[in-house]
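Inspection log for the structure reproduced underneath, given as structure tokens.
Owing to the predicted nature of the structure, the values given are computational and were not obtained by experimental measurement.
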Amino acid sequence: MPADWAALWDELLEARAVPSGRAAAACLARPRSAEQAAWLALYRPLLEARHAQARADGLPWALAQLGQSLDGCVATASGDSYFVTGAASLLHLHRLRALCDAVLVGAGTVAADDPQLTTRRVPGPNPVRVVFDPAASLDGRARLLHDGLTPVLWLCDSRHAESARARLHGAGDAGAAGDAHPAAPRSSQVLPVDGLLDADDPGRGPDLAQAFRALARRGLRVLLVEGGGVTVSRCLQAGLLDRLHLVIAPVIIGTGRRGLQLPSPARMADCLRPVARRLPLGDDMLWDLSLRPADAGMTAGAQTPA
């Protein structure tokens, strides 16, 4: 990190907070070293998205982050993921949370990891936490639903909303000792989305665009999709991501849980080959991947200093 990173991060947070893009533009326009320029380029898209006009398609600007091993796994076969990537990558993830309006994780990640999804490792505001659970499969006991640290949206199909509300507020869901779990704070609520699941074709999978638009309508315009691998893969396949931060750690897991899982084209010529740049994060390597043609000005394959 640049030696004056703390001051630079304060400037980025100030630029995040202002109602117009002028302060952000001023901050981004004056890197004082090559190291600063590299880090500003990494976080620039989040600030620019915050101050851009609302999109005509009603979608938020979305970045996904995924940390995986050299052989493409996000966890061991048993589900252990503590920790695939190193401390520097974890700090980067918390910075992304601080610069976004909301962070979204799938129900599988909540069930397996019971994450907090806060910015406790860096200065900066906590994002709204979104649990993407179309069929309301969770039992309502997840830590983030009850800690009251920052708002939580349990996002599900409208047909499952009442079931989710009952579990969220402890109605008839007894714990091991026969007691209902504590009622959720008022900052936690169920967000029902019509048509998230296809009633006539249950195997079709959730309509992620509907979920994203529901979040944008609540003013959540900059979205971080944090996991897990299935949720990130679905968002990428649906064309909903503007950017992907893929962090590769120098570890080999073997037969573990895969990260990105996409249909394979028959020809290499048809494979997704995003414009990319690299940035070392401690022993890990971050691939900053642009998924929109408008970002083609990035230097493909260029390694920026850190």
Side-chain angles (χ1 to χ4, degrees), residues 1-18 21-52 61-70 83-100 103 119 121-125 127 222-226 232 236 241-251 259 272-306:
M1 300 297 299
D4 57 351
W5 172 253
L8 181 60
W9 180 244
D10 286 342
E11 290 186 48
L12 288 171
L13 291 178
E14 181 180 355
R16 179 205 188 284
V18 296
R22 290 193 297 272
C27 172
L28 295 168
R30 56 172 186 269
R32 291 178 283 272
S33 67
E35 289 80 9
Q36 274 199 10
W39 288 98
L40 286 175
L42 185 64
Y43 297 121
R44 174 192 299 270
L46 289 88
L47 292 176
E48 291 180 339
R50 174 171 301 282
H51 300 296
W61 187 92
L63 175 147
Q65 192 273 351
L66 201 62
Q68 64 182 44
S69 64
L70 288 169
F83 287 105
V84 176
T85 55
S89 296
L90 189 57
L91 287 173
H92 168 66
L93 178 58
H94 282 233
R95 293 186 204 109
L96 292 180
R97 292 174 184 172
L99 294 176
C100 289
V103 54
T119 60
R121 294 177 181 268
V122 300
V222 182
L223 176 65
L224 170 63
V225 181
E226 191 169 315
V232 172
L236 180 58
L241 299 179
D242 294 270
R243 224 170 184 90
L244 172 63
H245 284 185
L246 190 61
V247 181
I248 310 297
V251 60
L272 179 64
R273 198 179 292 271
V275 178
R277 69 172 136 234
R278 293 169 291 161
L279 189 71
L281 293 175
D283 292 332
D284 303 333
M285 182 61 72
L286 166 66
W287 286 86
D288 176 20
L289 306 174
S290 170
L291 303 173
R292 299 295 183 203
D295 293 330
M298 289 172 55
T299 303
Q303 182 169 345
T304 48

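Two residues are said to be in side-chain contact when any heavy atoms from C-beta on lie closer than 4.5 Å; V122 and L91 meet this criterion. No side-chain heavy atom of V222 sits less than 4.5 Å from a side-chain heavy atom of L99. Here the side chains of L42 and H92 are in contact, with some heavy-atom distance below 4.5 Å. Using a 4.5 Å cut-off on side-chain heavy atoms (C-beta onward), I248 and Q68 make contact. Counting heavy atoms from C-beta outward, L224 and P127 have side chains that stay 4.5 Å or more apart. Residues L96 and V103 have side chains not in contact (no heavy-atom distance under 4.5 Å, counting atoms from C-beta outward). Side-chain contact between L244 and V232 is present, with at least one heavy-atom pair separated by less than 4.5 Å.
What you find for S290 and P274 is that their closest heavy atoms are O-CB, 3.3 Å. Here the closest heavy-atom approach between residue A38 and residue L279 is recorded as CB-CD1, 4.1 Å. The minimum heavy-atom distance linking L46 with C100 is given by the pair CD2-SG, 3.5 Å. Of all non-hydrogen atoms in H51 and A15, the two that sit nearest each other are NE2-O, 3.2 Å. The two residues W9 and P123 come nearest to each other via the heavy atoms NE1-O, 2.9 Å. Heavy atoms only, all atoms of each residue included: V84 and S69 are closest at CG1-N, 3.8 Å.
Annotation: the span from T85 atom OG1 to M285 atom CE amounts to 14.0 Å, rounded to 0.5 Å. Atom CG of L236 and atom CG of L66 lie 10.0 Å apart (nearest 0.5 Å). Taken to the nearest 0.5 Å, the CZ atom of R95 stands 12.0 Å off from the CD atom of Q65. Considering CG of L286 and CG of L246, their distance stands at 8.5 Å, rounded to 0.5 Å. Separation of atoms CG (L47) and CD (E11) is listed at 11.5 Å; rounding is to 0.5 Å. To the nearest 0.5 Å, atoms CG (L289) and CZ (R273) are separated by 12.0 Å.
Using a distance-only test at 3.5 Å, with no hydrogens or angles considered, a donor-acceptor pair links the side chain of R16 to the main chain of A98. For the pair D284 (side chain) and V247 (backbone), a donor-acceptor distance under 3.5 Å is absent. Panel note: side chain T119, backbone G124; a donor-acceptor pair is recorded below 3.5 Å. With hydrogens and angles disregarded, no donor-acceptor distance shorter than 3.5 Å links the side chain of H245 to the backbone of L93. No donor-acceptor distance shorter than 3.5 angstrom exists from the side chain of W61 to the backbone of D242, with no hydrogens or angles considered.
Environment of CG in D283: sparse, with no more than 12 heavy atoms of neighbouring residues, nucleotides or ligands closer than 6.0 Å.
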